[in-house]
Amino acid sequence: MEIKAIRGFNDILPDEIGKWQFLEITAREVFEGFGFSEIRIPILERTELFSRGIGEATDIVEKEMYTFTDRSGNSLTLRPEATASMARAYLEHQLYTFDPVAKLYCIGPMFRYERPQKGRFRQFYQIDAEVFGVENPMVDAEVIVMLIDFLKRVGLEKLELQINSLGCRDCRPRYREELKKFFAQKAFQLCEDCRRRLDTNPLRIFDCKVETCREAIVDAPKVIHFICSKCKMHFDQVKGYLETAGLSYVLNPKMVRGLDYYTRTAFEVVSYQLGSQNAVTGGGRYDNLFQEIGGLDIPGIGFAIGMERLVSLLPKDKEFIQTPHLFVAILGEKTIKEAYRIINQLHLQGIRAECDYEGKSLKSQMRRADKLKAQYVLILGENELKRGKAVLRNMGNKVQEEIPILDLVNIIKEKARHQE
RNA sequence: GUGAGUGUAGCUCAGUUGGAUAGAGCACUGGGUUGUGGCCCCAGUGGUCGAGGGUUCGAGUCCCUUCACUCACCCCA
C-alpha cells in the first residue's frame, strides 16, 4: 500500500457509517423541532474571517490553521470552526432583514493542524447550532436544553453539563488583572507553562494539570465574583431557566474558553469515558463576534458537538449494519440471464438482493450468504427453471419452499417488508 | 511544537542470550461424494520483518538515521 490518507485525516468506513447517519438524522429532527434551519457554508474562507473572528492571539489562529495562498494571491483558510462563517453568511445575506432572530445549524468537517491523539483529528466533524440576534438569557437556556435533549435522544448517559459565566467586555478585563495579581504572587509554585500564561492568558492557568499549579488555583479569585451586575443577572437568569426546564448542571468556575469571542455564558458537556479530550460539546455566548468581523452589534450563542467523540460514546450493541434481504444463488451457465432479470427487478423494487458473480459452487455461495447475514437465499437452478420455479430458503429456520418465478418479486417484497 | 511508547501476513500477535527455508490464531480461497450456510476437519493463497544505512561469518533480534501510528503535553469539539 503506497498512498495512504494523510495524518489526522480518517476514512469513515461502511461498518460504522450507520452511527454517523443516525447522529445526523437525530440532530436534524431535534434541532428542527426547536425551530432551527440548516445552513450550508463553504469549507474555505478568507483567512481574515477567522483571524478577526476567533482572535489573533488564540492557538487556533496562531498555529492551527490550514492556510494557503490561492492562484490569485488571496490568503484562504480551511475552516477551523463554523460559527464565524455562519455569522458571515448571516451578515452577507442580511438575514436579519427577514427576522432579526436566526436559529441555524450546520453539519460538516472542520480542519485544525494539531497533533492527532485520542478524540482529536486534523479533519473532524462538528454539529453546530447557533442563535443570532437574541441577548435574552432565555435563549441561552433554550439552546442548552436542545443540546441535552439531543444527547439524550442519541442514547448518551453519564454526561455532565458544566456551566460558567465569563463576563463581558467591561468586567472580564478587570477580572483578568485581578487574576494576574493573584498568580504573580504565587509564581514560584507555577510551572513554566503557567508562568508564560500569566502574561498571555491567565485564565488558562485554571486548566493546568500540574500538581503545584492545582494547589495555587484552589483559592484563586473566581470569575463569578468579578462579573458586573448585568452579567451576574444574566447568569442568574440562565440558571433559573435551566432549573425551570428541569436540567441539572454543575457550576464550573474554572471553565474557560479558548476562543476570544466568548462572553458570558459558557458551557461544556464532558464524559469521563473519553480520555484526555473529554469534552463532547462546548459552546457559549459570543456577543462581540459580529463586531469583530465588521458587522453590526448582534449577540449570538451556540455550541459545537464533536462528532467523532460522540460516535465513540455510542453504545456498541446497536446494530447499524445493513444486511441483504436476499441472496440469489445461481447454478449453471443457463440460469445467469434469468437470474439477472430477477435481481434487476428486485433492485428496482428496493430489495437488497446480493448474488455471486463468479460462478462459484453452491456451498461457497451459501457460505457467503450466511456471512452477509442474508435472511433468505433464492436458489436458481436449471431444474427448477425448466418448471418455472425457484427454491426460497429461510436461513433462520432452514425452511425451504418452491415458489413460481412469476410471483417471485411479490413474494420476496412481502417477506422483505416483514424483515424491516 | 514537546515527550513517551509501538512498528513482523488483511487483522490480533509469537519469535528465546543475534544462527539455517519467518510462525500461530482469525480472515480469505478450495475441499470433506453429484445442487445447500453457521460448528468441526483437511489443504492452499498471503510477509522486501515500516524504510535507509551500519556492526557481524550471520540481523526480525544490536547501533544510528528516517518515516508512520498511538498516547500524553499544548489546545480544543
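Quick note on labels: first sequence line is chain A, next is B, and so on, each numbered from 1.
- Comparing U29(B) with G54(B), their P atoms are spaced 43 Å from each other, to the whole Å.
- Residue-to-nucleotide contacts include a donor-acceptor pair under 3.5 Å from the side chain of R367(A) to the base of G32(B).
- Contact detail for E130(A) and F36(A): the closest heavy-atom pair is O-CE2, 3.5 Å.
- Remark: U33(B) base-pairs with no nucleotide in the shown strands. Criterion, Watson-Crick or G-U wobble with two distances under 3.5 Å.
- Residue N383(A) is in base contact, counting any heavy-atom pair closer than 4.0 Å across all strands shown.
- When distances are taken from the side chain of K4(A) to each of G32(B), A68(B), U36(B), the shortest belongs to A68(B).
- Within the shown strands, nothing qualifies as a pairing partner of C75(B) under the Watson-Crick or G-U definition with both distances less than 3.5 Å.
- Contact annotation: side chain of Q117(A) to base of C75(B), donor-acceptor pair absent below 3.5 Å.
- Nearest heavy-atom pair, A87(A) versus L289(A), reported as atom, atom and distance to 0.1 Å: CB-CD2, 4.0 Å.
- Among the nucleotides A77(B), C73(B), G32(B), the one closest to any side-chain atom of A279(A) is A77(B).
- Picking from G30(B), A72(B), A77(B) the nucleotide with the shortest atom distance to the side chain of K360(A) gives G30(B).
- Rounded to a whole Å, the CE atom of M366(A) is 9 Å from the P atom of U36(B).
- Taking every side-chain heavy atom of R309(A) into account, A77(B) is the closest of A77(B), G30(B), G37(B).
- A 6.0 Å sphere centred on CD of E92(A) holds more than 12 heavy atoms belonging to other residues, nucleotides or ligands.
- With hydrogens and angles disregarded, no donor-acceptor distance shorter than 3.5 Å links the side chain of Y376(A) to the backbone of V328(A).
- Shown here, A24(B) forms a base pair with U12(B); the pair counts as Watson-Crick or G-U wobble because both key distances fall under 3.5 Å.
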